[in-house]
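Heads up, the thing below is written out as structure tokens.
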Amino acid sequence: IDEACAVDDFDAFTSRVGTGRVFGGQQPYVDYYPAVLAKLDAVERAGGFYAFADYAPLGSDPWLARTELPSVAARDGILRFPFQPSLRVHAGKDLRFVPPPSKETLCALEEKLKATITCTAKVVPLDRKSAFDRLRVLLHDYEEARTSSRSAGEFNTRWSTRIFRRLGYQLPLVSLSDLLENHLPSIAETLEIFIANRVLVAESVAEALAIDVDRETHFTVKDRDHVPLAIADENGFRRPVRLSEIGNAEQFLRDHAGRWSLDVFAPIFLFRLGLGGIINGRGSIRYSLVLAHVMRRVFGENHVPNLLCSCSPVANGPFAEAVRKKHGALPDALREPTLIARLLESDEATIRREIAESW
């Protein structure tokens, strides 16, 4: 997309970025598809950093609180495991206000994965000892994240960081909420521009959506008083801010430290910090057309260079093959391998090499 300065070629992307700093980011998960690791690989090759949106509302993305793995021990071949058994109670809460998984939850995960390993080894060749050794390491990482975290946001971020480091990624991994708090004057300045031009923002979004005749952006129309900000209430539920609540933007953000968060327009705030490029996956790059249009119409600036980086390898390995052998096919929900499954099946160097070669 020309307006969004989007390419899918790494060399073309880096030549456009030049000496600018690039970044990627998303919500921190409890498990990952390979596409996320491919994005990490690209960010590291480009010399950038990765930011975890640790303030996302629980339930906005299933991977914030659950995983689905191929398991021949499960009746339908799918092990559906929730890291937040009380998801209904906490759905809609800012991750910073959701408790981390309990010890009991991780013990239940251990038993489920032990059964998966044992039953898989009865169907297809699998080195049970190596798989159980890897399971102990995986559970140790989860437990370390649990005991050092005050919230689900911290738990997901800490576990993700431990795993990505174990896979050999050395790029900076940062909390997006901390990053934004550390640049408060600039964030407040951009917020004030959004507020002052709120009608133009809404019109710009509508203009971009009118171009998207196939409805591929998955972006929603914005009201003429939209503010790209949310505040967690006293119970942690993330609520959109209304214009009447804001006086001086910077003071408002300081008064609500640890409770405010940005919405889908967050990348624009980072572009305005001077970052020179962004690396997106299949989901996040869909918003680029709208963000680019808002950047041009509201701020008089072009979208920064924008790389689409993704992959979708077929789910293979003993867990998937055991399910195929028993059920005749792998369920559609398990078309790609998850990181937990790969960590139980293979060593970190092999996983990292496969990711580097996949995009």
Side-chain angles (χ1 to χ4, degrees), residues 23-32 36 49-67 82-106 141-164 172-188 190-191 227-242 245-246 249-270 273 284:
F23 74 100
Q26 66 170 74
Q27 307 99 319
Y29 289 165
V30 295
D31 194 7
Y32 292 94
V36 174
F49 69 90
Y50 208 78
F52 291 114
D54 47 357
Y55 51 68
L58 190 69
S60 61
D61 190 312
W63 288 81
L64 292 168
R66 70 102 173 100
T67 184
F83 283 72
Q84 289 288 336
S86 53
L87 178 60
R88 187 172 299 175
V89 174
H90 298 297
K93 285 186 179 180
D94 183 317
L95 281 179
R96 295 171 294 184
F97 295 85
V98 176
S102 66
K103 178 71 173 178
E104 292 74 19
T105 295
L106 295 186
D141 286 334
Y142 277 129
E143 179 64 12
E144 285 290 308
R146 185 189 73 81
T147 57
S148 59
S149 300
R150 296 165 297 176
S151 69
E154 281 191 17
F155 172 82
N156 289 13
T157 299
R158 288 179 183 274
W159 177 77
S160 299
T161 298
R162 291 178 68 88
I163 290 298
F164 295 159
L173 301 167
V174 304
S175 156
L176 185 53
S177 59
D178 288 347
L179 176 64
L180 296 173
E181 291 276 7
N182 291 336
H183 293 85
L184 211 56
S186 174
I187 301 304
T190 299
L191 179 59
V227 177
L229 189 68
I231 300 289
D233 65 16
E234 63 275 8
N235 297 311
F237 290 100
R238 196 166 176 264
R239 308 294 188 190
V241 171
R242 299 194 180 280
E245 297 172 345
I246 298 180
E250 184 171 349
Q251 189 58 50
F252 181 85
L253 297 179
R254 292 190 187 282
D255 290 343
H256 295 84
R259 294 175 53 204
W260 65 269
S261 56
L262 300 177
D263 69 1
V264 70
F265 290 106
I268 290 180
F269 287 77
L270 298 181
L273 286 176
S284 52

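Counting begins at 1 with the first residue of the sequence. Just the heavy atoms: all of them, side chains too, but no hydrogens, waters or symmetry mates, feed the values below. These numbers come from a predicted model, not from an experiment.
Across every non-hydrogen atom of A257 and E181, the tightest pair is CA-OE2, 3.5 Å. Closest approach of S60 and P57 over heavy atoms only: OG-O, 2.7 Å. Counting all heavy atoms, side chain and backbone alike, L262 lies closest to Y55 at O-CE1, 3.5 Å. Minimum interatomic distance between P28 and N156 (heavy atoms only, all atoms of both residues): O-ND2, 2.9 Å. Closest of all the heavy-atom pairs between Q84 and P100 is NE2-C, 4.0 Å. Annotation for T147 and E144: closest pair OG1-O, 3.3 Å, computed over non-hydrogen atoms.
With rounding to the nearest 0.5 angstrom, the CG atom of L180 is 7.5 Å from the CG atom of L273. Here W260 contributes atom CH2 and L184 contributes atom CG; the two are 6.0 Å apart, rounded to the nearest 0.5 Å. Atom OG of residue S151 and atom CG of residue L58 lie 11.0 Å apart, to the nearest 0.5 angstrom. Atoms CZ and CD1, on F269 and I187 in that order, are 6.5 Å from each other to the nearest 0.5 Å. Between atom CG of residue L95 and atom CZ of residue F52 there is a gap of 12.5 Å, rounded to the nearest 0.5 Å. To the nearest 0.5 Å, atom CG of residue L64 and atom CD of residue Q27 are 5.5 Å apart.
Taking 4.5 Å as the limit, some side-chain heavy atom of F252 sits within range of a side-chain heavy atom of I231. Contact check for R96 versus S261: side-chain heavy atoms found under the 4.5 Å cut-off. Side chains of L191 and P228 form a contact here, defined as non-hydrogen atoms less than 4.5 Å apart.
For D233, the salt bridge (Lys or Arg N to Asp or Glu O under 4.0 Å) partners are R239, not counting sequence neighbours. Residues satisfying the side chain to side chain contact (heavy atoms under 4.5 Å, CB included) criterion with R66, sequence neighbours excluded, are P62, W63, E68. Applying the side chain to side chain contact (heavy atoms under 4.5 Å, CB included) test to F97 and every residue at least two apart in sequence or in another chain returns D94, A232, R259.
A salt bridge links E143 to K103: at least one charged side-chain nitrogen sits closer than 4.0 Å to a carboxylate oxygen.
Side-chain N or O atoms of S175 include one that pairs as donor or acceptor with a backbone N or O of D178 at under 3.5 Å. Not one N or O on the side chain of R162 forms a donor-acceptor pair closer than 3.5 Å with the backbone of A145.
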Verdict with reasoning, F265 to T190, per side-chain contact (heavy atoms from CB on, under 4.5 Å)
CA-CA 11 Å; F265 290 106; T190 299; over 6 Å; no
Verdict with supporting geometry, F155 and V98, side-chain contact (heavy atoms from CB on, under 4.5 Å)
CA-CA 10 Å; F155 172 82; V98 176; over 6 Å; no
Verdict with reasoning, Q26 to Y32, per side-chain contact (heavy atoms from CB on, under 4.5 Å):
CA-CA 11 Å; Q26 66 170 74; Y32 292 94; 3.7 Å; yes
Hey, mind stepping through D263 and V227 against side-chain contact (heavy atoms from CB on, under 4.5 Å) and telling me if it holds?
CA-CA 9 Å; D263 69 1; V227 177; over 6 Å; no
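Here the rule is side chain to side chain donor-acceptor pair (under 3.5 Å) with S177, and of N182, T157, D54 only D54 fits it.
The aromatic rings of F83 and Y142 sit tilted relative to each other, their planes meeting at an angle between 30° and 60°.
Ring-centre distance between Y50 and F164: not below the 6.0 Å cut-off.
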